[in-house]
Amino acid sequence: MTNKELVILQGALEKLQTHFKHLISSPDTDLDKVAGTLDQVVDRLSDNYPYFDTDYAGQMLKPPHTIARLAYSLALYINPNNHALDGGRASSVMEKEAVAQIADMFGWREHLGHLTGGGTMANMEALWVGRKIHPTKCVVASEMAHYTHERISEVLGLKFEKVGCDLNGRMDMKALEGILNTTQVGTVVVTLGTTGSGSVDPLIEVLELQKIYKFRIHVDAAYGGYFKLAHNLSMYTQAQYETIHLADSLVIDPHKHGLQPYGCGCILFKDPQVGQYYKHDSPYTYFSSAELHLGEISLECSRAGAAAVALWATMQMFPLKKRGEFAQGISRCHEAAMKLNGLIREDDEFITVLEPELDIVVWAPNGESFSLISEASNKIFEMTAKQGLHLALIKYPVHLLPAHWDGIVKDQAYVTCLRSCLMKHNHLEKVEKIWKGIKSAYQH
Ligand SMILES: *Cc1c(COP(=O)(O)O)cnc(C)c1O
């Protein structure tokens with residue numbers, strides 16, 4: 001971090017302070033004690049992987065942009081609560097504007113939506129509304145969908161069924177039809193960008209089935225949503241993104257690909273009429289707000305207004321425009337994944353799993369059996385970490401492995417592969433360096 005960042009924050013704080021008398025520390029705060037405690041915090045925090053670095057090419061972690069960090073910090077001095085207009089006057093308006101821009105990215109002029117603590121809460125809200133409409137019917141999601149859908153269904157008292165996937169890690173339409181023919185389905189969760197492999201379910205075909213079976217479609221794009229702006233996806237993938245506006249609800253996580261700190265998910269409904277299901281009477285919160293406030297259309301009560309401020313500020317700098325700077329960054333992530341996958345494909349020492357649809361690459365060192373491959377994956381994971389290059393592991397289900405894995409001895413039910421989320425905007429320039437690191441770890 002540069003001092004300039006802190007100078008900018010200080011300047012902004014000083015300006016904000018002209019509107020509020022006691023914005024910074026109250027005079028009775030013991031700042032020496034604060035400094036001492038913070039020093040202890042530094043020691044504790046040093047035990048971390050460098051998530052913000054391009055050498056971190058493992059789990060789904062992307063650093064918040066500087067503007068998000070500073071806007072969040074600035075708002076934190078006021079600490080607004082976006083539950084209600086009373087508690088977060090300015091930041092509630094900023095939230096509504098930010099959410100409208102996200103809805104607009106998917107082609108929704110009209111919508112009902114708001115920010116949430118994260119994707120899990122946002123998905124819960126979508127499935128909860130689904131339950132209000134189809135109280136006794138089942139929720140279905142693919143076997144590669146996020147694990148929380150099953151748990152959320154349990155919390156909501158809804159039946160849940162897993163739909164099998166094809167060899168691209170996408171929901172299998174024959175399997176879905178089989179379930180639709182035997183089970184009353186209220187909501188089909190369509191994942192656009194699975195967390196494991198970045199696979200994109202066939203939304204277009206699910207929309208066709210919806211015409212016959214009349215279920216709700218919830219798109220879980222917590223991770224993949226911002227790829228709506230990419231210009232270099234495959235024709236299949238692009239086409240699924242083009243039809244998102246036909247779904248009933250959608251989740252996208254600004255804290256995944258949207259340059260935000262954690263604590264920022266987003267739920268959107270196509271039909272604003274679903275607002276009726278949120279109605280409640282709390283004697284505490286409704287006194288002075290004439291306008292409909294966010295607490296009236298949200299399952300959560302208190303939420304960080306600072307998250308909305310950070311998102312709003314980030315979108316001022318990086319509007320969600322096709323071919324804009326942010327969109328170029330998203331496209332580069334896909335390019336980085338394709339590039340790494342290409343290097344892996346051309347190397348006999350390694351084996352690819354599937355063509356990256358978004359920016360996740362899954363692969364493994366070649367070997368005679370699944371157990372030997374799994375062992376070698378673990379070794380590479382440890383060796384690269386020692387060199388300061390951080391990958392992730394995934395236990396890939398054997399029945400989803402493509403044909404070029406057929407000759408390998410299937411001596412266990414899964415195979416441990418390596419997984420890289422190349423979701424930093426400058427990962428593309430580092431692919432060769434990452435590959436060199438992997439190769440040298442393998443050869444040791
Ligand atoms: C990350 C993720 C979630 C869960 O979101 P959180 O923000 O971690 O609660 C749900 N679905 C998908 C597809 C995800 O990638």
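Remember, it's 1-based here, ligands and their atoms both numbered in the order they're listed. The figures that follow rest on heavy atoms only: side chains count, while hydrogens, waters and symmetry mates do not.
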Ion pair Asp166/Lys174, N-O distance below 4.0 Å:
no

Do Lys439 and Asp347 meet the salt-bridge criterion of a basic N to acidic O distance under 4.0 Å?
yes

Inspect the surroundings of NZ in Lys322 and state if more than 12 heavy atoms from other residues, nucleotides or ligands are less than 6.0 Å away.
yes

Within 6.0 angstrom of Glu242 CD, more than 12 heavy atoms from elsewhere
yes

Decide whether the shortest distance between a heavy atom of Ala145 and an atom of ligand 1 is less than 4.0 Å.
no

Just which atoms of ligand 1 are under 4.0 Å from any heavy atom in [X]?
{"X": "Asn123", "value": "10 (C), 11 (N)"}
{"X": "Gly193", "value": "13 (C)"}
{"X": "Gly118", "value": "7 (O)"}
{"X": "Tyr223", "value": "15 (O)"}
{"X": "Ala222", "value": "2 (C), 3 (C), 10 (C), 11 (N), 12 (C), 14 (C)"}

Identify the closest protein heavy atom to [atom]: which residue and atom is it, and at what distance?
{"atom": "atom 10 (C) of ligand 1", "result": "His146 CG, 3.3 Å"}
{"atom": "atom 1 (C) of ligand 1", "result": "Lys256 NZ, 1.4 Å"}
{"atom": "atom 6 (P) of ligand 1", "result": "Gly119 N, 3.4 Å"}

Region of [X] that comes within reach of ligand 1 [heavy atoms, distance under 4.0 Å]:
{"X": "Thr194", "answer": "neither"}
{"X": "Thr120", "answer": "both"}
{"X": "His255", "answer": "side chain"}

Within the structure, does Asp220 bring an N/O atom to less than 3.5 angstrom of an N/O atom in ligand 1?
yes

Paired with His390, the ring pair (Phe, Tyr, Trp, His ring centres under 6.0 Å) test is passed by just one of Tyr49, Phe381, Phe52, namely Tyr49

Under the side-chain contact (heavy atoms from CB on, under 4.5 Å) rule, what do Val139 and His149 come out as? Steps first, then yes or no, please.
CA-CA 8 Å; Val139 173; His149 289 289; 5.5 Å; no

Which atom names give the shortest non-hydrogen contact between [X] and [Y], and what distance separates them?
{"X": "Phe227", "Y": "Leu233", "result": "O-CD1, 3.7 Å"}
{"X": "Gly164", "Y": "Ala175", "result": "N-CB, 4.1 Å"}
{"X": "Ala57", "Y": "Ile434", "result": "CB-CD1, 4.1 Å"}

Looking only at side chains, do Ser377 and Ser374 share a donor and an acceptor under 3.5 Å apart?
no

Given Thr148, Thr195, Ile152, which has its nearest heavy atom closest to atom 15 (O) of ligand 1?
Thr195

Counting only heavy atoms, tell me which of Ile360, Val251, Ile252, Asp253 gets closest to atom 7 (O) of ligand 1.
Asp253

